[in-house]
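Notes for the one structure printed next.
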Amino acid sequence: MTGLASVASRPRALVAAAAAFLSVSTAAVPAARATSEPRAPREFVALRSVDPTIIQEMRYTTEHNFVGEPVDGYRQPVCILTRPAARALHRAQVKLLRQGYSLKVYDCYRPQRAVDHFVRWAKDPRDEEMKAEFYPLVPKSRLFADGYIAEKSGHSRGSTVDVTIVRLPAAPTRPYEPGEVLVPCYAPRGERFPDNSVDMGTGFDCFDSLSHTDDPRVRGVQRANRQMLKSTLGTEGFVNLPEEWWHFTYRPEPFPGTYFDFPVSRRSVAGR
């Protein structure tokens with residue numbers, strides 16, 4: 001009887017074993033997919049590993065940006081750049097620290113999926129949630145024609161950074177509260193959203209001609225601050241985009257014709 005019972009139990013044991021195997025295999029599928037996420041080439045680094053003193057306020061991981069929500073591809077608030085660009089920022093930071101200032105970055109490497117998010121948003125005329133702050137005088141239908149939004153961005157090549165200057169010791173910047181009353185980005189400093197940056201005449205990502213680095217209407221301390229940023233970065237190989245006082249690209253770029261799409265996360269540059 002014992003032998004017959006043992007034989008009879010074998011089909012049930014095989015079924016149970018097969019079910020357990022399938023369960024383990026199915027559970028492993030998401031993990032396998034997760035590991036297939038693209039990572040940065042070895043030439044990319046986390047800025048903090050090169051210079052931990054540079055302040056980082058990564059706007060596109062938050063809701064305080066012209067889209068009004070965290071942007072696709074920004075998994076964590078970490079600045080990623082090509083190594084030459086990060087080292088050049090470090091050299092500029094050393095000069096500013098001696099004068100009682102610090103650099104602050106708003107955006108660094110930007111994945112193509114984030115640019116695609118901007119394009120989808122720009123093509124949706126119904127979504128103007130953040131218009132009152134970031135583009136109060138520009139019709140959303142003009143964002144492509146006026147060059148504010150494009151289907152490719154130099155940020156995706158890894159050597160472009162959006163940056164400003166902060167006087168030390170850095171004052172805290174209060175968090176943005178979704179739904180709060182928005183003030184135009186070109187309003188006087190005491191009226192627009194508070195930023196611990198020195199006064200540059202407009203806020204970051206202000207879609208307005210006042211953001212042009214050398215706009216003649218920007219004078220006095222505001223103009224001097226813009227020139228300090230431009231000259232400090234210029235001596236280290238960064239070229240300013242004339243339409244945006246905050247936008248600089250390191251030259252020569254290691255990847256002048258490649259637009260990357262790995263996510264902005266610590267894992268993308270782990271160990272670097």
Side-chain angles (χ1 to χ4, degrees), residues 37-51 54-89 103-124 130 134-135 143-144 146-164 185 203-207 211 233 237-270 272:
E37 187 77 74
R39 297 186 66 182
R42 296 295 302 175
E43 293 84 352
F44 283 78
V45 295
L47 175 61
R48 200 171 299 281
S49 70
V50 176
D51 192 320
I54 296 175
I55 300 168
Q56 299 188 27
E57 186 182 320
M58 305 299 289
R59 285 285 186 89
Y60 298 139
T61 65
T62 75
E63 294 174 292
H64 190 214
N65 58 67
F66 60 87
V67 175
E69 63 182 356
V71 178
D72 289 354
Y74 285 86
R75 307 278 177 80
Q76 294 170 318
V78 53
C79 172
I80 297 174
L81 289 169
T82 59
R83 195 179 305 274
R87 287 174 173 170
L89 274 188
L103 291 172
K104 179 174 81 169
V105 294
Y106 295 111
D107 192 34
C108 303
Y109 158 76
R110 180 184 305 166
Q112 181 61 44
R113 69 191 75 181
V115 179
D116 295 342
H117 189 167
F118 293 163
V119 171
R120 290 195 306 273
W121 167 83
K123 291 180 178 179
D124 182 1
M130 305 300 285
F134 292 97
Y135 54 108
L143 293 182
F144 281 104
D146 292 351
Y148 293 112
I149 301 292
E151 295 187 353
K152 294 290 184 182
S153 169
H155 282 274
S156 301
R157 301 194 297 262
S159 296
T160 294
V161 61
D162 292 336
V163 61
T164 189
C185 52
F204 165 61
D205 260 357
C206 187
F207 296 175
S211 293
L233 292 181
F238 286 94
V239 177
N240 175 240
L241 180 68
E243 291 78 18
E244 299 177 351
W245 59 257
W246 56 83
H247 182 117
F248 291 83
T249 299
Y250 178 77
R251 302 279 173 78
E253 295 184 66
F255 301 100
T258 306
Y259 297 84
F260 294 96
D261 193 39
F262 58 86
V264 175
S265 69
R266 296 180 185 89
R267 184 181 180 280
S268 292
V269 289
R272 285 174 253 165

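None of these values were measured; they are calculated from a predicted model. All values below come from the heavy atoms of this structure, side chains included, with hydrogens, waters and symmetry mates left out.
For the side chain to side chain contact (heavy atoms under 4.5 Å, CB included) criterion with W246, the lone passing option out of D205, V163, L241, T164 is D205. Of the options T249, V161, T160, a side chain to side chain contact (heavy atoms under 4.5 Å, CB included) to F238 is made by V161 and by none of the others. Each of M58, E57, R59 was evaluated against V105; a single residue qualifies, M58, per the side chain to side chain contact (heavy atoms under 4.5 Å, CB included) test.
For Y74 and H117, the ring centers sit 6.0 Å or farther from each other. Aromatic pair Y135/F66: ring centres not closer than 6.0 Å. Ring centroid separation for the pair F207 and F134 does not come in under the 6.0 Å cut-off.
More than 12 heavy atoms of other residues, nucleotides or ligands shown are found within 6.0 angstrom of CD on Q76.
In terms of modelled atom types and a separation under 3.5 Å, the side chain of T258 and the main chain of F255 share no donor-acceptor contact. When atom types are taken as modelled, the side chain of S159 and the backbone of T82 share no donor-acceptor pair closer than 3.5 angstrom. Judged by distance alone, the side chain of Q56 and the main-chain N or O of C79 form a donor-acceptor pair under 3.5 Å. Side chain of D146 to main chain of Y148: no donor-acceptor pair is present (N/O by atom type, distance under 3.5 Å, no hydrogens or angles). With S268 contributing its side chain and A40 its backbone, the two residues share no donor-acceptor pair below 3.5 Å. One N or O on the side chain of N65 and one on the backbone of T62 form a donor-acceptor pair closer than 3.5 Å. At distances below 3.5 Å, not a single donor-acceptor pair connects side-chain atoms of R157 with backbone N or O atoms of G257. A donor-acceptor contact shorter than 3.5 Å is absent between the side chain of Q112 and the backbone of D261.
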D72/R113 under salt bridge (charged side-chain N to carboxylate O under 4.0 Å, His left out): CA gap, chis, key distance, verdict: CA-CA 6 Å; D72 289 354; R113 69 191 75 181; over 6 Å; no

V119/F144 under side-chain contact (heavy atoms from CB on, under 4.5 Å): CA gap, chis, key distance, verdict: CA-CA 9 Å; V119 171; F144 281 104; 3.8 Å; yes

CA sep, side-chain torsions, deciding dist, call: V269, V45, side-chain contact (heavy atoms from CB on, under 4.5 Å): CA-CA 6 Å; V269 289; V45 295; 5.8 Å; no

Evaluation steps, side-chain contact (heavy atoms from CB on, under 4.5 Å), between R251 and V239: CA-CA 7 Å; R251 302 279 173 78; V239 177; 3.8 Å; yes

Full working for side-chain contact (heavy atoms from CB on, under 4.5 Å) between E37 and R39: CA-CA 7 Å; E37 187 77 74; R39 297 186 66 182; over 6 Å; no

Working for salt bridge (charged side-chain N to carboxylate O under 4.0 Å, His left out), residues D107 and R110: CA-CA 7 Å; D107 192 34; R110 180 184 305 166; 2.8 Å; yes

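The closest side-chain heavy-atom distance from W121 to L143 is below 4.5 Å. Within the 4.5 Å cutoff, the side chain of P84 has heavy atoms near those of the P254 side chain. Side-chain contact between D51 and L89: absent, with no pair of heavy atoms (C-beta onward) separated by less than 4.5 Å.
We find the SG-CG distance between C108 and L81 to be 4.5 Å, quoted to the nearest 0.5 Å. With rounding to the nearest 0.5 Å, the separation of NE2 in H247 from NE2 in H155 is 4.5 Å. For the atom pair CG of L233 and CG of L103, the computed distance is 6.0 Å after rounding to the nearest 0.5 Å.
Closest approach of P111 and S156 over heavy atoms only: C-OG, 3.9 Å. Between V115 and A150, the shortest heavy-atom distance links the atoms CG1-O, 3.4 Å. Considering every non-hydrogen atom in both V50 and A86, the closest pair reads CG1-O, 3.8 Å. Nearest heavy atom pair, residue I80 against residue P263, reads CD1-O, 4.4 Å.
Aromatic ring orientation, F260 versus F44: perpendicular (interplanar angle above 60°, classes split at 30° and 60°). The aromatic rings of Y60 and F204 are tilted relative to each other, their planes meeting at an angle between 30° and 60°.
A salt bridge does not link R272 with E43: every distance from a Lys NZ or Arg NE/NH1/NH2 to an Asp or Glu carboxylate oxygen is 4.0 Å or more.
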